[in-house]
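Notes for the one structure printed next.
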Amino acid sequence: MSTADKAKDLQALHAAPELLRVVNVWDAITAKVVSDVPGTKALATASHGIAASRGYEDGENIPRDEMIAEVGLIARQTSLPVSADLEAGYGDPGGTIARAIGVGIVGANLEDQMKPLADAVKAVEAAVVAAQKEGVDFVLNARTDAFLKVSDPAEALKEAIERGRAYLDAGASNFFVPGKLDESQWTELVSALGERKVNMIGIPGAISQEAAQRIGLARVSFGPWSQNTALTALAELAERAYDGGGLAENVRKLN
């Protein structure tokens, strides 16, 4: 399947009535394992997970070349569409999106870091233009950090709606709002921006997938929590080993 075909598939998965569930991966083997799980329809990377696996703090500290190389390696492990977390675009959103498409990526998160709205919109526009030049119906998942950086919930919701409208008007496919929102907040976002346009992260305390489906969200992903799940299992193995034990009985050989 071509990159353009994978992009069309990913767009269709976001627009479908069923909530799209994507489990974030951070290297070749995690991409292979998740791809092989029945029910997996697409993959997503997590910038935090990739940076941590290579010894960098999150927040665009990993060099862009390393991030592009890693997401390209992940894309080569699967026949499924892959969306990459490309942070804020590493100072060059358009160029970063073009390079990602070049290694087989067909969607991306692009965060606003709560920069001035005009600057954030320009970044979205640059990413959209870059994808159009590559001839790919790219799934641009424009992210706002409103609920992470604005302390007042009412103001955060107002800011998120304003930014969501602006990013979708600028050509983004979807709007990503990380944070612990309740059902009423998600409902207001979907009412303002449209069904199958808003994406959430499945963090501890998040609304259920049933609620997300009912409200009309498009996608749930798990960000760094998939890596934390794996690291928890690793830490527990070490704890058992140091206490004289061994492998848990439910361990499967997956590589």
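Values below: all heavy atoms of this structure, side chains included; hydrogens, waters and symmetry mates excluded.
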Any chance you could measure [X], atom [atom1], to [Y], atom [atom2], to the nearest 0.5 Å?
X	Y	atom1	atom2	answer
Glu188	Ser191	CD	OG	7.5 Å
Arg54	Asp27	CZ	CG	10.0 Å
Thr96	Ile68	OG1	CD1	6.0 Å
Phe175	Arg143	CZ	CZ	11.0 Å
Ser221	Met200	OG	CE	8.5 Å
Leu110	Thr144	CG	OG1	11.5 Å

Donor-acceptor check, side chain of [X] to backbone of [Y], threshold 3.5 angstrom: yes or no?
X	Y	answer
Glu70	Met67	no
Glu134	Ala130	no
Asp112	Lys115	no
Lys253	Asn255	yes
Gln227	Gly49	yes
Asn228	Pro224	yes
Glu60	Glu87	no
Arg240	Gly246	yes
Asn61	Asp58	yes
Thr40	Ala42	no

[X] side chain to [Y] side chain, donor-acceptor N/O pair below 3.5 angstrom:
X	Y	answer
Ser173	Gln11	yes
Thr45	Asp85	no
His14	Arg196	no
Asn141	Asn174	no
Tyr242	Glu239	no
Gln113	Asp145	no

Determine whether [X] and [Y] make a side-chain contact, defined as any pair of heavy atoms from C-beta on separated by less than 4.5 Å.
X	Y	value
Ile201	Val220	no
Phe147	Leu157	yes
Pro63	Tyr56	yes
Phe222	Thr229	no
Glu183	Arg214	yes
Asn24	His48	no
Val177	Trp186	yes
Leu86	Glu111	no

Next on the checklist: What verdict does the side-chain contact (heavy atoms from CB on, under 4.5 Å) test give for Val22 and Arg219, after you've listed the backbone C-alpha separation in whole Å, the side-chain angles of each residue and the deciding distance to 0.1 Å?
Outcome noted: CA-CA 7 Å; Val22 290; Arg219 171 176 125 186; 3.8 Å; yes

Does the distance from a Lys or Arg side-chain N to an Asp or Glu carboxylate O, for [X] and [Y], drop under 4.0 Å?
X	Y	result
Asp65	Arg99	yes
Glu159	Lys149	no
Arg165	Asp169	no

Check the hydrophobic clustering (I, L, V, M, F, W, Y; side-chain heavy atoms under 4.5 Å; chains of links allowed) and say if [X] and [Y] are grouped together.
X	Y	value
Val34	Val71	yes
Met114	Ile161	no
Val25	Leu231	no
Leu193	Ile215	yes
Leu117	Val150	no

Which atom names give the shortest non-hydrogen contact between [X] and [Y], and what distance separates them?
X	Y	value
Leu13	Pro81	CD1-CG, 4.5 Å
Arg163	Pro116	NH2-C, 4.2 Å
Ala31	Leu43	O-CD1, 3.8 Å
Thr78	Ser35	OG1-OG, 3.0 Å
Ala88	Pro93	O-CG, 3.9 Å
Ala127	Ile97	CB-CG1, 3.6 Å

Checklist entry - Can you list the steps and then say if Ile207 with Leu217 is a side-chain contact (heavy atoms from CB on, under 4.5 Å)? => result CA-CA 11 Å; Ile207 64 169; Leu217 296 176; 4.2 Å; yes

Checklist entry - Taking it one step at a time, do Ile50 and Ile74 satisfy side-chain contact (heavy atoms from CB on, under 4.5 Å)? => result CA-CA 11 Å; Ile50 290 176; Ile74 288 167; 4.2 Å; yes

Next on the checklist: Tell me if the CD atom of Glu57 is crowded by more than 12 foreign heavy atoms within 6.0 Å.
Outcome noted: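 No, the 6.0 Å shell around CD holds no more than 12 heavy atoms from other groups.
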
Item to check | Audit row: Leu140, Val128, side-chain contact (heavy atoms from CB on, under 4.5 Å) steps and yes/no | outcome: CA-CA 7 Å; Leu140 184 66; Val128 170; 3.9 Å; yes

